Amino acid sequence: MRNLIPHSSGRKKVITDEMGDFMKNHAAYLCGRMDCDLLSAETDRDHMHLLISMAPDVAPVKLINTLKTGLSREVHLRYKEHIEKYLWGDSPFWSASYFCATTGSVSMETVKKYIEEQRTDDHRRKYEKSGKYVKAKR
């Protein structure tokens with residue numbers, strides 16, 4: 001299990017509730033395409049936390065690059081006008097940095113709770129894997 005946290009460019013507060021919901025659903029789809037499972041996800045105005053179950057043969061950097069590229073592309077297509085208010089020209093949606101850690105030293109419930117509590121109560125949006133996402137066919 002790995003906890004992946006990509007951060008948005010310059011920590012600009014560009015992610016809306018609607019964008020966050022879309023990003024969580026699209027992240028689940030992208031994970032499925034790489035034979036990984038998105039277990040929990042949460043967005044805040046300037047970053048995203050993901051708890052992903054992945055096989056040992058999946059390279060974390062490849063998954064992260066797939067997520068960052070795929071999410072950036074789709075968010076730019078769907079929310080272009082909104083994003084252009086915050087990011088100008090060739091500004092990337094995500095920074096080059098990310099944080100990745102295994103969850104071996106704490107329980108899965110502890111990690112899920114941490115991720116879900118990343119937003120303030122008045123902006124909380126939750127996603128938990130419920131079986132409604134099907135892995136993409138190859």
Side-chain angles (χ1 to χ4, degrees):
M1 304 286 178
R2 295 203 168 71
N3 180 18
L4 307 176
I5 308 173
H7 294 280
S8 61
S9 172
R11 303 291 295 211
K12 297 193 187 255
K13 299 187 182 302
V14 65
I15 302 170
T16 65
D17 289 349
E18 180 182 334
M19 286 173 65
D21 290 341
F22 170 77
M23 289 168 62
K24 290 183 277 187
N25 285 308
H26 196 61
Y29 165 76
L30 293 170
C31 285
R33 290 188 54 134
M34 295 197 64
D35 292 326
C36 300
D37 290 317
L38 181 62
L39 303 177
S40 184
E42 188 57 72
T43 61
D44 205 340
R45 299 290 177 220
D46 61 359
H47 66 278
M48 183 174 198
H49 292 258
L50 305 170
L51 176 63
I52 300 170
S53 175
M54 52 197 288
D57 63 338
V58 175
V61 69
K62 185 173 181 183
L63 175 62
I64 291 164
N65 286 335
T66 297
L67 288 167
K68 284 183 164 189
T69 301
L71 287 169
S72 178
R73 181 182 302 124
E74 290 300 317
V75 166
H76 272 93
L77 287 172
R78 291 175 185 258
Y79 303 99
K80 182 178 179 176
E81 289 181 22
H82 173 74
I83 290 173
E84 286 176 346
K85 294 176 188 175
Y86 298 89
L87 304 174
W88 295 276
D90 292 351
S91 297
F93 187 73
W94 300 110
S95 71
S97 64
Y98 63 88
F99 172 77
C100 177
T102 61
T103 59
S105 62
V106 295
S107 75
M108 191 59 63
E109 288 307 311
T110 300
V111 176
K112 285 174 85 172
K113 183 178 178 190
Y114 168 80
I115 290 172
E116 291 168 358
E117 291 177 351
Q118 291 306 299
R119 295 193 47 93
T120 58
D121 288 338
D122 59 332
H123 292 107
R124 190 170 308 281
R125 294 184 311 272
K126 293 183 180 180
Y127 163 84
E128 285 194 30
K129 183 164 177 55
S130 62
K132 65 181 176 180
Y133 298 104
V134 185
K135 290 183 182 177
K137 296 189 187 265
R138 293 179 174 236

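Please read these numbers as outputs of a predicted model, since none were measured by experiment.
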Could you grab the distance from atom CE of M23 to atom CG of L50, nearest 0.5 Å is fine? 8.5 Å

Check side-chain hydrogen bond (donor to acceptor under 3.5 Å, both in side chains) between T69 and all other residues, then give those that pass, not counting sequence neighbours. none

Any heavy-atom pair between the side chains of V14 and F93 that's under 4.5 Å? yes

Under 30°, 30 to 60°, or over 60°: which ring-plane class applies to H47 and H49, parallel, tilted or perpendicular? perpendicular

Side chains of D21 and E18: does their closest heavy-atom pair fall under 4.5 Å? no

Return the minimal non-hydrogen interatomic distance between M54 and C36, and the atom names on each side. CB-SG, 3.5 Å

Minimum heavy-atom separation for L38 and A28, please, with both atom names. CD2-N, 3.6 Å

Atom pair CD1 (I83) and CZ (R78), whose distance is rounded to the nearest 0.5 Å: 11.5 Å

Just wondering, do L71 and L30 contact through their side chains at under 4.5 Å, heavy atoms? yes

In the structure I gave you, are the side-chain heavy atoms of M34 and L67 within less than 4.5 Å of one another anywhere? no

Can you give me the closest heavy-atom contact between K24 and A41, atom names plus distance? CD-O, 3.6 Å

Starting at OH of Y98, measure out to CG of L63 and round the result to the nearest 0.5 Å. 10.0 Å

Just by modelled atom types, is the I15 backbone N or O under 3.5 Å from a matching donor or acceptor in the R45 side chain? yes

Between K68 and S97, which heavy-atom pair has the shortest distance, and what is it? NZ-O, 2.8 Å

Return the minimal non-hydrogen interatomic distance between E74 and H26, and the atom names on each side. CG-NE2, 3.2 Å

For the atom pair CE (M108) and NZ (K113), what is the distance rounded to the nearest 0.5 Å? 16.0 Å

